[in-house]
Amino acid sequence: MKNKVLNNLKLIVFLIIFFTFSQLYYTRNFNYTEDFELIIGESSNLPATWIGSRDVDKNIPILILAGHADSQGLAGAGTPGEAVDKFGLNPMHPEISDELFWNLKLQESIVNLGKKKGLNIRAYDPKIRNIDDANDPRTNWSVGRRFSKRGGYALEIHFDAYGKYGVGSGLIPPFSEMPNKIDESIARTFGRFPVSFRGGLGAPRRQIRILEIGKLEGLLEQNLRNLKTRKKTIKLLANEIVQAFLNGII
């Protein structure tokens, strides 16, 4: 009986120490770096031979979507991230995945910065976090598809799963449309996925590009969670994406 109690106490102490270490690991004052490649980590190394060579009008309408904004509580809620899933930290918001939390933050920053830089850019947020029917006219996919059919450029922002579950950063181009110079510019910054990644995902099949920013782990996630580096990190990522747009339409 005494041994059982002692073992339970040891387990409790271990869990307390582990949780405390995890909290410190993600909230201590990191020395912020502006090394973009170091922050986003590895890019996709999957074989991708496509090249975006089609010219783009400088006033092309751009739509930024936050991945998983309409699928919380469903199978496609997005990654919880390494901090929550592996280290047991609290989610950034109790009702949505950490990926969507950061997708929304980055979406807002990209659009605000893009407008300042003269881009014809806007955001869409369905606001409804659980839409069961993928073809419901309010979903990201439906709005993005209509936008693309009218000649616009729709880009859905994502953070990839951590560890072995994810691939890394990179752009997934549209499934049945020739990639353009914006696609190429983003791919040169973040990396590129094959067109037929996982057999062709739902968004690219609707001519919506997917941008995986990077795995939601390590330095990237640490700098996002840390209050002292969060705004700088989001701004850095947004700036790289907006600059890629600008480079692609010149």
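- A donor-acceptor contact shorter than 3.5 Å links the side chain of E99 to the backbone of T79.
- Residues A244 and I186 share a closest heavy-atom pair of CB-CG1, 3.8 Å.
- Heavy-atom minimum distance, S97 versus G78: CB-O, 3.8 Å.
- Residue Y162 shares its hydrophobic cluster (ILVMFWY side chains chained together at separations under 4.5 Å) with Y165.
- For the pair W50/E184, a side-chain contact is recorded, criterion being any heavy-atom separation below 4.5 Å from C-beta on.
- Scanning for ring pair (Phe, Tyr, Trp, His ring centres under 6.0 Å) contacts around F197 gives F193, with sequence neighbours left out.
- The shortest side-chain heavy-atom distance between L104 and D125 falls under the 4.5 Å cut-off.
- F245 and L106 fall within the same hydrophobic cluster, defined by Ile, Leu, Val, Met, Phe, Trp and Tyr side-chain heavy atoms under 4.5 Å apart, directly or through other members.
- With contacts defined as side-chain heavy-atom distances shorter than 4.5 Å, the pair I234/L224 qualifies.
- Between F36 atom CZ and L220 atom CG the span is 9.5 Å, to the nearest 0.5 Å.
- No side-chain heavy atom of E95 sits under 4.5 Å from any side-chain heavy atom of R129.
- Side-chain contact between D57 and I249 is absent, with no heavy atoms from C-beta onward closer than 4.5 Å.
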Does the pair V111 and K115 meet the rule for a side chain to side chain contact (heavy atoms under 4.5 Å, CB included), with working shown?
CA-CA 6 Å; V111 172; K115 287 180 177 179; 3.7 Å; yes
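- Not counting sequence neighbours, F101 has no partner by the ring pair (Phe, Tyr, Trp, His ring centres under 6.0 Å) test.
- Taking the side chain to side chain donor-acceptor pair (under 3.5 Å) definition, one finds that D55 meets it with K181, sequence neighbours left out.
- Judged by distance alone, the side chain of Q107 and the main-chain N or O of Y124 form a donor-acceptor pair under 3.5 Å.
- Under the side chain to side chain contact (heavy atoms under 4.5 Å, CB included) rule, R206 has a single partner from N140, N135, L201, which is N135.
- V167 is not connected to L219 by any chain of hydrophobic side-chain contacts under 4.5 Å among Ile, Leu, Val, Met, Phe, Trp and Tyr, and they are in different clusters.
- The number of heavy-atom neighbours closer than 6.0 Å to CD of Q243, taken from other residues, nucleotides and ligands shown, is above 12.
- Under a 3.5 Å cut-off, the side chain of S71 and the backbone N or O of G76 do form a donor-acceptor pair.
- The closest side-chain heavy-atom distance from W102 to R230 is below 4.5 Å.
- Of all heavy-atom pairs between P137 and V143, the closest is O-CG2, 3.6 Å.
- Considering only residues two or more places apart in sequence or on other chains, D136 meets the side chain to side chain contact (heavy atoms under 4.5 Å, CB included) condition with I131, D133, R138, T139.
- By the criterion of side-chain heavy atoms lying less than 4.5 angstrom apart, applied directly or through intervening Ile, Leu, Val, Met, Phe, Trp or Tyr residues, I213 is grouped together with Y153 in one hydrophobic cluster.
- Residues forming a side chain to side chain contact (heavy atoms under 4.5 Å, CB included) with K149 (at least two apart in sequence, or on another chain): R145.
- Closest of all the heavy-atom pairs between P179 and P173 is CG-CB, 4.3 Å.
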Report the C-alpha distance between I210 and I157 in whole Å, list the side-chain angles of each, state the deciding distance to 0.1 Å, and finish with yes or no for side chain to side chain contact (heavy atoms under 4.5 Å, CB included).
CA-CA 6 Å; I210 290 179; I157 298 297; over 6 Å; no
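- Between the side chain of T189 and the backbone N or O of S185, at least one donor-acceptor pair lies under 3.5 Å.
- Here the side chain of S44 pairs no donor or acceptor atom with the backbone of G191 at under 3.5 angstrom.
- Here CD of E42 is found 7.0 Å from CD of E217. Values are rounded to the nearest 0.5 Å.
- Not counting sequence neighbours, the partners of P174 by the side chain to side chain contact (heavy atoms under 4.5 Å, CB included) test are E177, D183, Q207, R209.
- Going from atom CZ of R225 over to atom CD of E82 covers 10.5 Å, rounded to the nearest 0.5 Å.
- Not one N or O on the side chain of D85 forms a donor-acceptor pair closer than 3.5 Å with the backbone of G81.
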Please tabulate, for side-chain N and O atoms in residues 59-67, each donor-acceptor pair with protein atoms closer than 3.5 Å (sequence neighbours left out).
none

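- Listed by first and then second residue, the salt bridge (charged side-chain N to carboxylate O under 4.0 Å, His left out) pairs that reach into residues 154-168 come to none, sequence neighbours excluded.
- Of the candidates L155, V56, N247, I182 forms a side chain to side chain contact (heavy atoms under 4.5 Å, CB included) with just one, namely V56.
- With sequence neighbours left out, the side chain to side chain donor-acceptor pair (under 3.5 Å) criterion links E212 to no other residue.
- Using a 4.5 Å cut-off on side-chain heavy atoms (C-beta onward), S43 and S169 make contact.
- A distance-only check finds a donor-acceptor pair linking the side chain of D98 to the backbone of M92 [under 3.5 Å].
- For R192 (side chain) and L171 (main-chain N/O), no donor-acceptor pair under 3.5 Å exists by modelled atom type.
- Note on L46 and I40: separate hydrophobic clusters, where clusters join Ile, Leu, Val, Met, Phe, Trp and Tyr whose side-chain heavy atoms are under 4.5 Å apart, directly or indirectly.
- Looking only at side-chain heavy atoms (C-beta outward), H158 and H68 come within less than 4.5 Å of each other.
- Partners of N120 by side chain to side chain donor-acceptor pair (under 3.5 Å), not counting sequence neighbours: none found.
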Using the side chain to side chain contact (heavy atoms under 4.5 Å, CB included) rule, take D70 and I128 through it: C-alpha gap first, then chi angles, then the decisive distance, then the call.
CA-CA 6 Å; D70 49 23; I128 304 171; over 6 Å; no
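- In this view, R150 and R146, F147 satisfy the side chain to side chain contact (heavy atoms under 4.5 Å, CB included) rule, not counting sequence neighbours.
- The number of heavy atoms from other shown groups lying within 6.0 Å of CD1 (I51) does not exceed 12.
- When atom types are taken as modelled, the side chain of S196 and the backbone of G199 share no donor-acceptor pair closer than 3.5 angstrom.
- Side-chain contact annotation: N223 with T229, donor-acceptor N/O pair under 3.5 Å present.
- Under the 4.5 Å side-chain heavy-atom criterion for ILVMFWY residues, no single connected hydrophobic cluster contains both I172 and W141.
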